[in-house]
Amino acid sequence: MVHVWKPLLKLRVSLFAFLLLLVVSLGDASSPTQDTVETYNKYYNYVDLTGLVQSLAQKYSHIANLSSIGQSVEGRELWVMRITKDPNMDTPGKPRFKYVGNMHGDETVSRQVLMYLIEYLLTQYGEDSRITELVNNTDIYIMPSMNPDGFEKSLEGDCGGDNGGRNNAKNKDLNRSFPDQFDGTSADSNSVPEVMAVIKWLQEKKFVLSGNLHGGTVVASYPFDDSASHQQQGQYSQTEDDNLFRYLAMVYSQNHPAMKTGQPNCPDAPEETFNDGITNGAQWYDVPGGMQDYNYLYGNCLEITMELSCCKYPPAAELHKEWDLNRESLLSYIEKVHIGVQGYVKDAVSDAALTNASILVAGIRHNLTTGQYGDYYRLLLPGTYNITAVARGYTSMTVRSVQVSEGKPTKLNFTLAAVVNNAEGDNTVSTTSMPSTNDPNISTTTTTTTTTTTTTNASESTRVVPSDENESSPPVVSPEQQPIQPQEFRHHNYADMELFLRKYSNEFPSITHLHTVGSSVQGRDLFVMVISDNPTVHEHGEPEFKYVGNMHGNEVVGRELLLNLIEYLCRNYGTDTEITNLVNKTRIHIMPSMNPDGYEEATEGDVKGYKGRYNSNNIDLNRNFPDQFTLIKDPRQPETIAMMNWLKNNPFVLSANLHGGSLVVNYPYDDDKEEKTQYSACPDDEVFKQVSIAYSQENPLMHNGHPCEDLYPGEYFEDGITNGASWYNVAGGMQDWNYLNTNCFEVTMELGCVKYPMAQELPKYWEQNRRALLQFIHQVHIGIKGTVSDTRDSAGIPNATITVEHIDHNVTSAQTGDYWRLLVPGTYSVTASAHGYTPVTTYATVSKHGVEMVDFRLTRIHTEPNFQSPKGPQPTPNPSEKEFQSLIRDLSLGQGLEQLVKSTASEHSFRYKPYKELSGFLRGLTLNFPKITSLRSMGQSVEFRTIWALEISNKPEEAEPSEPKVRFVAGIHGNAPVGTELLLEFATFLCMNYGKNPAITRLINETRIVIVPSINPDGREQATEKQCTSTQGLTNAHGKDLDTDFFGNASQRVVEAQPETRAMMDLILDRAYTLSVALDGGSLVATYPYDKPVQSVENEGTLKYLASVYANNHPKMHLGDTGCSNNGQMGNIPDGVMRAAERQSHMGSMKDFSMDFGHCPEITVYSGCCLFPPAEQLTMLWAENKKPLLSMLVEVHKGVRGVVRDKSRKPIVGAIIVLNGGVRVFSGEQGYFHALLAPGNHNIEAVADGYQQQRQEVVVSSYEAASSIIIEFDMDNSIFGLPRAFVVASAAASMTALVVTACIIWCVCAAKSNHQKDGFHRLRQHRDEYDDEIRLTSMGSKKSLLAHEFQDESESDEETLYANKI
């Protein structure tokens, strides 16, 4: 019985236990909100975790919401607990934060501590003020397990991960499966549903800050996790926010008792240490495809990775300790989502939120975008920042000097004004945008630029396409499908082409930008369609490519193919892998017709004719560009000028010019010195052959080499390519000009034997060229590319030169320091150099499979004085100075000045003002703008007209010696009054925009501007409008050309100076001017000193540079073609700049006087061919000269400036500053000096009486404000070139010898004097004897007495003796 009952008893006990468990379970099911007491002694498997989070979400529904963002491979939910006040709705103003755990299934501590964190936040809400505030103000998302499948396979106690579970159920490492910035994606989306779910989640939520919790050691790791080289260890891969990431990682590590020691003491790596418990990911080890890098690059979110324990899956008994170690770190890290700057971007009129607006921080090349409510959260360390908000279709706004402090974030809201398009859609007009901020010290700048965004590369297995809603959003997967081909093939006349372009611009606004770069002779727009993922701006690192068609109006195949290409790219973007990648990674510019006038004249069916080939002036545009070997005599055409300006303003890398009449790719050079039909190779001959073959081999008929056997039976081109000059000589061609004057490599493609084929033939041309057109665009991604940056602050260096050894052709970096250099496969020695930096040379190996990344970090050349300790005084720029330096940089780079011009555009009608009206106009300026203007009389003309000088400054009545002073003068020749009107308008422009435009306001505040609009008012009154060559009014009332009357030496002057000349000479001799600009007419060129014939010009490089700054900012002048047929000046002037004497040599010029006696460089600008053009042309002339005049206000702040003082800090006035051993300037009031210098390295010597000479080297940049230096003199310790001590000692010795000698002489004289006195004494003693003797010999002669007298050497004593004796 006992044996029977025992089993029964066991069965009853088991049954009881089962029933009890069932009751408990049912109780749990019926009471889901019962308290959960955490014991910290067990791991939660998937079922446990699911039940617990569901229970917590129901119990704390007022602050918790549970959702799943997707499923794992095996169908487990990816649970996310959202914890915030009102968790079921989105509340603007709360930044989103997330923690993700258990990404590697066998790293389990993170899973548990995040569950504990969820419970802690929920249970302490309302009890703990810190937790309550955190939950109320933060939108917190916690995902305990991203890899639940891997967790289920892992084993407790497995510290090294030997039992599997790290990867997901498809054996994919989730932290190697995100799209990578260097290599694209590495896994098929079907194998990593967990990754795809997180990508979608990131795209939807726009998180601000995140932590990814792992295990295996104890450290906080920050981006980047990999590098371009993928060096396994030791390669520090720095983000733009490196300092911020280090700070965030330190927040976690320093609140973790074990992590902050930096010594994990892990058994598998006992020697491994981490300084401060943090590390750069790639420096630790290279991790391509990591989640934290993806968050930063594509998710708007900053994420770091926390490794929490040496043992990946420690025993459950360790869990309580791990929670205690991490609790404070977890909370402190969440709180850092509330640092930096926060705010909203809204429409200025409707107050509607602007989503996906970009937030840019100057100096940090990483942007983020606004959320659905227009809200943004930009994490920043304490400091002062310039922040810009940019939105498509709106005028951007920059808020300067935004102060970020410790603790609470700075609030900064933007309201942007919409850009209003005119009827034609070619120009934009913007209204003012204003920020919302309480800081009175913050200033704003409005521009019409947009920011750059970055998208990922696509791999072969996964197509990555950005969403339409968010330009910087993460990639999403789209299915494969056949490309959509163009549907309509027809010839498009100008109106039809314009409608076609506008249609596609309107239909695909996210990837297209339609604009015009100029007009034809007959006023037709030269349209360009830009196609890219961010089409309106140049993106850092993305090459610029262009196609140009229809240069010859009757060669129409290229025009139609480019329209087909636009349709093909637009319709296949987002669905076709190749097209999507090409558009995402390239900024493609397409100009269908460069010669729309010629096209309208051409006739369909023309096989080899010339009707419509030329433009409306009957000029062949492909013979109209400046040529290296031949002088082009035809005047530069408006189409040519527009192309040259377009090329100068964009960093194009590769281009093709589409023609017709044969079937071949033609590459440079197009001509040679001897003008013979022979091979004329350029330095990049191999590159040109490679890109040409890339096109021809995709066109079988072209590659065959026998293009037009019916028309030209003897013509053969091997591989379908040819050197231009080897085919026939073309002087003035566009492709050679591209290569020689820009960074762009251009070839010419002849696309068919028939120039204007019938419309039904067009589908055949598309099919023949479709693959070739795409393949040629791919060629822009060969060779090397990278960034040239400053080691000091990682800022990109513009205009840096990239030199490849043995290839005599350089390219330069773009405005953010990025560059592209096309090369054929091979190994090259490449050097990057820039003014003021030490060149860096490296070796690069180019493969045939893609572009090689080669970055350069250049170090500034130190500028320590030779005779001054490096620890000597150095000026310390204050925040305001730094802000102004930033403004000068912004206005000097890229489109900065152009945007300023556009933002201050105004409608105005011009007319010439006679003298009385001019005087009244100037007085009106002073009456309307009294705080910034001052008007004074410099003197009077021969006929007693006042010569006015107008000063514009924030303190016009006060001397401000630290500010540069610039002089603008005009009207020295009365028959050329355009300069007078331009300066009057310039003065008006400055006054009108003061206080309205921040950039203009700051320039006026920092500059003393003196404007002399008319030097020769008498001559102006005599001149006649519409007289382009008349000399009437050229001279003053005495018939004197004033520009021949400036002589500084009396010996050179035959007659007294004219009153107008004397007035200007007095102004020039002020010596306080840094720069002078004189406006004249009769040509289109900028000249620099001297007018007099001299063999050489000191500082010529600087003078020429100043003139080139004006010319380069002028839309026509820099092209170098005067086009002045009225005065015989038809030659090509390189860059539109020349030495004045080469134009017209003469003595006594104002320019020379300014140089020699005013010590101020002066350039003369000739604003147009006609001396006195019709008044209706003044508007155009102002538009052409507005930007150059502003550039002079910017340029005057460059060069080198400083103060001269002695050791006691006393300013030294009149010290001579010698520049490069030649040109001299003088220190003025309070010891200040300022000298303009060309970019580069310069030697400065400072000399002052009684002080030691000082030498110093300075580096001048073309885009940075003047280098500020302090020259501090020591007393001169030399006399006559000998050391002071030696001279003093020698003088002392000489004085001593002199004194001794004097003493000896005195002694000798004294001895003689005593001897005389003794003789006289003896004479007196024997006087009686003498008397007796005299009496005895009274009958004798006096001579007998004299024979016996005592003789003394003194004549006077002898006379005394005689007196006594007689």
Side-chain angles (χ1 to χ4, degrees), residues 865-873 1204-1218 1221 1224 1226-1227 1231 1243-1256 1270-1366:
N866 291 352
F867 298 102
Q868 185 173 314
S869 168
K871 297 181 181 179
V1204 183
R1205 68 190 190 193
D1206 61 19
K1207 285 291 185 180
S1208 66
R1209 296 177 175 262
K1210 178 183 177 182
I1212 299 176
V1213 178
I1216 303 172
I1217 313 299
V1218 184
R1224 300 182 178 190
F1226 297 86
S1227 62
N1243 293 313
I1244 291 179
E1245 296 179 57
V1247 181
D1249 289 339
Y1251 296 94
Q1252 286 186 348
Q1253 181 175 344
Q1254 295 289 316
R1255 293 185 179 89
Q1256 195 162 343
I1270 294 175
I1271 299 177
E1272 198 166 83
F1273 279 111
D1274 281 331
M1275 292 296 294
D1276 193 350
N1277 288 319
S1278 65
I1279 300 175
F1280 304 120
L1282 298 173
R1284 179 181 292 271
F1286 174 77
V1287 174
V1288 170
S1290 300
S1294 300
M1295 288 298 295
T1296 302
L1298 184 62
V1299 170
V1300 170
T1301 303
C1303 290
I1304 293 173
I1305 293 172
W1306 182 80
C1307 292
V1308 170
C1309 291
K1312 288 183 177 181
S1313 176
N1314 290 335
H1315 184 59
Q1316 291 174 352
K1317 289 178 180 179
D1318 182 64
F1320 289 126
H1321 177 69
R1322 291 179 64 187
L1323 283 173
R1324 291 187 184 99
Q1325 284 182 336
H1326 298 285
R1327 182 167 183 172
D1328 293 339
E1329 297 178 7
Y1330 278 103
D1331 291 339
D1332 292 340
E1333 185 175 352
I1334 291 172
R1335 282 193 297 269
L1336 290 174
T1337 58
S1338 60
M1339 296 304 294
S1341 69
K1342 295 179 179 178
K1343 289 183 179 180
S1344 63
L1345 177 60
L1346 291 175
H1348 297 279
E1349 72 179 86
F1350 177 78
Q1351 298 294 320
D1352 189 81
E1353 296 178 2
S1354 172
E1355 182 179 355
S1356 60
D1357 286 344
E1358 182 178 28
E1359 291 174 350
T1360 303
L1361 178 62
Y1362 268 84
N1364 290 333
K1365 291 294 184 182
I1366 295 177

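- The two residues D1206 and E1272 have their closest heavy-atom pair at O-CG, 3.6 Å.
- With contacts defined as side-chain heavy-atom distances shorter than 4.5 Å, the pair I1217/F1226 does not qualify.
- Taking 4.5 Å as the limit, some side-chain heavy atom of I1270 sits within range of a side-chain heavy atom of R1205.
- A pairwise comparison of heavy atoms in G1231 and V1213 identifies N-CG2, 4.2 Å as the closest pair.
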